[in-house]
Amino acid sequence: MRIILATKNRGKIKEINAVLSGTGIEFAGLDLYPDMKDVVEDGITFHENAFKKARAVFDHTGIKCVSEDSGLEVDALNGAPGIYSSRFASENASDSENIGKLINDLTGVPYEKRTARFVSVFCLYDGREARYFEGSVRGHIIDSPRGTSGFGYDPLFVPDGYEKTFAELGSEVKNKISHRAKAISGLKEFLEKDQR
Ligand code: ITT
C-alpha cells in the first residue's frame, strides 16, 4: 500500500511512524518531491486545512495521501491558537516563540482556568473521496516550559491524569494518549479493513 504522508513537520512524522510501527502500514514521506510547494493553510477549520494539504499533495503526486492538521485550543483564550498554532507568535515562528507568546497571553490566569485541548484531524484523500479521522486530549497549560521531548507546545501541556508535561512524559506515554495517537487509531482501523 503506497500512501504519501503530506507533512513537512518532523515532529509529526516521527510520532506517526512510531504509532504505526509494527502494524505493517507505512507512509512514504514527501522527500521524493522536493519541488512540492508549501500549501497555503487558509481554511477556517482543522478539517478544511487537512483537506487542502492532502489535495495539494495528491494533485502534485497523483498518489493517495494522508495529511494532518492539528493545534492547541486554550479555553481562557476562547480556543486560540487553534488552527493558527504553528504561526501563533508570527508567520514563521519557532516553537519557543509560540511557547513564549502563550505564556505571556496567559499571565495571571490561575491553574484551574488554564484548561486546553490538543486536536488532531487526519485526512485520507485518493483523488475522489476524503475521509477524516479525529482525536483530542484535554489538559492544563503550565506557566513555564518543562521537559525536552516532543515538539511544539509539549513542554507546557500537562495531560489530564498526569502531573508531567508531554515533553517530560516522553514519546512512549505521549504516543499512547495523545490527540494524534487517537486520530491515527481510527485511520489505522480503516486502512486495515481497506486492505482486506
Ligand atoms: P504541516 O502543515 O506540514 O503538517 P505544521 O507544523 O504547519 O506542519 P499544522 O499546521 O497542523 O502543522 O500545525 C500544528 C501546530 O500545532 C504545530 O506546529 C504545533 O505548534 C501545534 N501542535 C500540534 N500537535 C502538537 C503536539 O502533539 N505537541 C505540541 N504541539 C502540537
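Atoms within each ligand, like the ligands themselves, are counted from 1 in listed order. For this chain, numbers begin at 1 and follow the sequence in order.
The aromatic rings of Phe118 and His179 sit parallel to each other, their planes meeting at less than 30°, with 60° as the upper class boundary. Using cut-offs of 30° and 60° for the angle between ring planes, the Tyr33 and His60 rings count as perpendicular. The aromatic rings of Phe58 and Tyr125 sit perpendicular to each other, their planes meeting at more than 60°, with 30° as the lower class boundary.
Applying the 6.0 Å contact sphere to OH of Tyr111 captures more than 12 heavy atoms from other residues, nucleotides or ligands. Summarising the local packing, CD of Glu163 is surrounded by 12 or fewer heavy atoms from other residues, nucleotides or ligands at distances under 6.0 Å. Sparse packing is recorded around NZ of Lys164, with 12 or fewer heavy atoms of other residues, nucleotides or ligands lying under 6.0 Å away.
Atom 23 (C) of ligand 1 has Ser70 OG, 3.1 Å as its closest protein atom, hydrogens excluded (heavy atom only). Nearest protein heavy-atom contact of atom 28 (N) of ligand 1 is Asp154 OD1, 2.6 Å. For atom 18 (O) of ligand 1, the nearest protein heavy atom (residue, atom name, distance) is Ser86 CB, 3.2 Å. Closest protein heavy atom to atom 2 (O) of ligand 1: Lys53 NZ, 2.8 Å. Nearest protein neighbour of atom 1 (P) of ligand 1, counting heavy atoms only, is Thr7 OG1, 3.4 Å. Annotation: atom 22 (N) of ligand 1 to nearest protein heavy atom, Phe118 CE2, 4.0 Å. In this structure, the protein non-hydrogen atom closest to atom 8 (O) of ligand 1 is Asn9 CB, 3.4 Å. Summary of contacts: the protein heavy atom closest to atom 3 (O) of ligand 1 is Lys8 N, 2.9 Å.
Between Glu41 and Lys52, none of the side-chain N atoms (NZ, or NE/NH1/NH2) sits under 4.0 Å from a carboxylate O, so this pair counts as no salt bridge. Using a 4.0 Å cut-off between a side-chain N of Lys or Arg and a carboxylate O of Asp or Glu, Arg114 and Asp143 do not qualify as a salt bridge.
Taking every heavy atom of Asp69 and a limit of under 4.0 angstrom, the matching atoms of ligand 1 come to 9 (P), 10 (O), 11 (O). Listed by number with element, the atoms of ligand 1 under 4.0 angstrom from any heavy atom of His179 are 24 (N), 25 (C), 26 (C), 27 (O). Remark: ligand 1 atoms within the under-4.0 Å shell around heavy atoms of Gly152 are 29 (C), 30 (N).
At least one heavy atom of Lys174 sits less than 4.0 Å from an atom of ligand 1. Look at Ser178 and you'll find every heavy atom at least 4.0 Å from all atoms of ligand 1. Heavy atoms of Leu72 stay at 4.0 angstrom or farther from ligand 1.
Of the candidates Phe157, Phe166, Tyr153, Phe88, the one placing a heavy atom closest to atom 20 (O) of ligand 1 is Tyr153. Of the options Glu15, Glu41, Glu68, Lys12, the smallest heavy-atom separation from atom 10 (O) of ligand 1 is shown by Glu41.
A single hydrophobic cluster is seen to contain both Phe190 and Ile25, as judged by linkage of ILVMFWY side chains at heavy-atom distances under 4.5 Å, directly or through other members. Taking hydrophobic clusters as Ile, Leu, Val, Met, Phe, Trp and Tyr residues chained together by side-chain heavy-atom distances below 4.5 Å, Leu191 shares a cluster with Ile16.
Defined by atom type and a distance below 3.5 Å, a donor-acceptor pair is present between the side-chain atoms of Ser120 and Glu68.
The parts of Phe151 lying near ligand 1 are both backbone and side chain, judged by heavy-atom distances below 4.0 Å.
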